Amino acid sequence: RRGMSRRLRQRGHRMIDHFNLPVSDLDRSRSFYEVVLEPLGFHVLAQDGQAIGFGAENWAFGVILTARPFPKLHLAFAAASRVAVDRFSV
């Protein structure tokens with residue numbers, strides 16, 4: 001499986017186009033994700049009403065103010081190196 005992911009990245013394909021995460025506190029979530037996503041090359045690209053979009057060039061990850069209960073989710077970010085992973089793990 002690792003070989004497949006590497007081949008897809010080398011061809012410029014992404015496994016996920018974008019992902020929006022439901023949150024209960026938009027300002028707190030923005031502060032958190034601005035810090036942890038920076039080592040991966042992501043920054044705030046847009047804020048649209050109750051949603052904030054992060055990415056390098058295009059909205060790839062968003063946080064959206066949502067009423068509870070939230071659905072169960074799993075998310076993994078791709079990183080260019082182990083150093084980036086270590087910097088991400090705040």
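Just so you know, these numbers come straight off a predicted model, no measurement behind them.
- The distance from atom CG of Leu37 to atom CZ of Phe54, rounded to the nearest 0.5 Å, is 6.0 Å.
- The distance from the NE2 atom of His43 to the CD atom of Glu57 is 9.0 Å, given to the nearest 0.5 Å.
- Across all their heavy atoms, Pro39 and Ala84 have their closest contact at O-CB, 4.2 Å.
- Across Pro22 and Thr66, no two heavy atoms sit closer than the pair CB-OG1, 3.3 Å.
- The nearest pair of heavy atoms linking Phe42 to Ala60 is CE2-CB, 4.1 Å.
- Inter-residue side-chain proximity for Arg30 and Val63 is flagged as unmet; no heavy-atom pair is nearer than 4.5 Å.
- Considering all non-hydrogen atoms of both residues, Leu45 and Ala56 come closest at CD2-O, 4.3 Å.
- The main-chain N or O of Ala51 is never found under 3.5 Å from a side-chain atom of Asp48 such that the two would form a donor-acceptor pair.
- Interatomic distance, Gln47 CD to Ile52 CD1, rounded to the nearest 0.5 Å: 4.0 Å.
- Residue Ser24 comes nearest to Leu65 through the heavy atom pair O-CD1, 3.4 Å, listed as atom of the first residue, atom of the second, then distance.
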Q: Kindly determine whether Asn20 and Trp59 satisfy side-chain contact (heavy atoms from CB on, under 4.5 Å), including the steps that lead there.
A: CA-CA 10 Å; Asn20 294 321; Trp59 184 313; 3.2 Å; yes
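- Listed here is the closest heavy atom pair of Val23 and Leu26: CG2-CD1, 4.1 Å.
- Classification of the Phe61-Phe19 ring pair by plane angle, with boundaries at 30° and 60°, yields parallel.
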